[in-house]
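Predicted model only: the values in this text are computed from it and were never measured. Lettering follows sequence order; numbering is per chain, from 1.
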Amino acid sequence: MNVTPSAPVKAASVSATLNAWFVANARDLPWRRDGFGAWGILVSEFMLQQTPVNRVIPRLEEWLARWPTPASLAAVPPSEAVRAWSSLGYPRRALWLHAAAVQITQLHGGVVPSDVDDLLALTGIGDYTARAVAAFAYGHRHPVVDTNTRRVIARAIAGAGEPSPPNRGRDLDAMGALLPQSVHEAALFNAAIMELGAVVCTSRSPKCEVCPIRKCCAWRAAGYPEYTGIRKTVQKKFEGSDRQVRGLIMAELRSTHRSVTEAEIATLWPDAAQLQRALASLVADGLAISAEGGHTLPE
DNA sequence: GACACGTGGCA
DNA sequence: TTGCCAAGTGT
């Protein structure tokens, strides 16, 4: 006779198994080193938003060598943050990180807050990053939900090939139900489930044959059914998009400390109307400002 | 809630 | 070559 384990029993089994796997298999990443510090964790989390680990590491190390504290970043103009961001993408994150550094310096005495609500109040920090900093920098017990976590839960627990569209409350509840009571085990588990999603339970071609929880995976038990729910909205084509044109303008602005002229900007893209639209949007976002004879990064 | 927002590696 | 995807957030 089949006996279905009760949900709490399965949760405890999953968390214990994943934690043991993580302790033995975690990648050696800078932000996992002892004493990395809350500021380093926070910077890494900003950089890791939608950007792969391998591209983040060199920029992160340069960043922290130059600005080892929030106050040191807050003391320079945002233009320097945008330059140091280099080609990580989504340069507004550099602006937000700079703004957060100013807020931390002015409102929290230069110490990265540990309270989730205090973190949420900082520019550029949302549900994921606030809990990630509280959990990974301070070891607090909060459910941390990112795209990896959502995918692992969808598969291993719900038996679906992909997660349903994000739902703040439901996602936090689902992770909360798996989270060990022990503060230390909980912090480990938040990292462990993300790691599994990042290196084993990947979006495309998951490595189920080496998965530590394959024996209790609901997706496997169900025969790996195809996902039949609502599809993610497909990312729009980048070639020829406003995003591409914004990127070209930002690269030009980053490349120099002087003002970039209209004539120089005109050489970046053949469609003048699209170019002006992109430039106007960058100004609106605070990533570019009008200056003597052209445009510069925000000083 | 859908959408906009960079960049580059990989299949 | 083209499309998918990567530790999200703000509007």
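Here the P atom of nucleotide dT9(C) and the CZ atom of Arg131(A) are 10 Å apart, to the nearest Å.
Among the protein residues, Leu88(A) comes within range of the nucleic acid bases, having at least one heavy atom under 4.0 Å from a base atom. Nucleic acid contact for Pro166(A): none, since no nucleic acid atom lies under 4.0 Å from a heavy atom of the residue. At the heavy-atom level, Thr149(A) lies nowhere under 4.0 Å from the strands shown. Residue Gly89(A) is classed as a base contact, given a heavy-atom separation below 4.0 Å to a base.
At a threshold of 4.5 Å between non-hydrogen side-chain atoms, the residues Leu196(A) and Pro212(A) count as touching.
Listed by residue number, the members of residues 30-59 of chain A with any heavy atom below 4.0 angstrom from DNA chain B are Gln50(A), Thr51(A), Arg55(A).
Residues Lys232(A) and Glu162(A) are not paired through a salt bridge, judged by the lack of any N-O separation under 4.0 Å between the basic side chain and the carboxylate.
By the ring-ring contact (aromatic ring centres under 6.0 Å, His included) test, Trp85(A) is found to be paired with Trp63(A), residues two or more places apart in sequence or in another chain being considered.
In this structure, a donor-acceptor pair under 3.5 Å is present between the side chains of Tyr90(A) and Arg243(A).
You can see that DNA chain B meets the heavy atoms of chain A within a 4.0 Å-exclusive cut from dC3(B) to dG9(B), reading 5' to 3'.
Here Ser203(A) reaches the OP1 or OP2 of dC5(C): one of its side-chain N or O atoms lies under 4.0 Å away.
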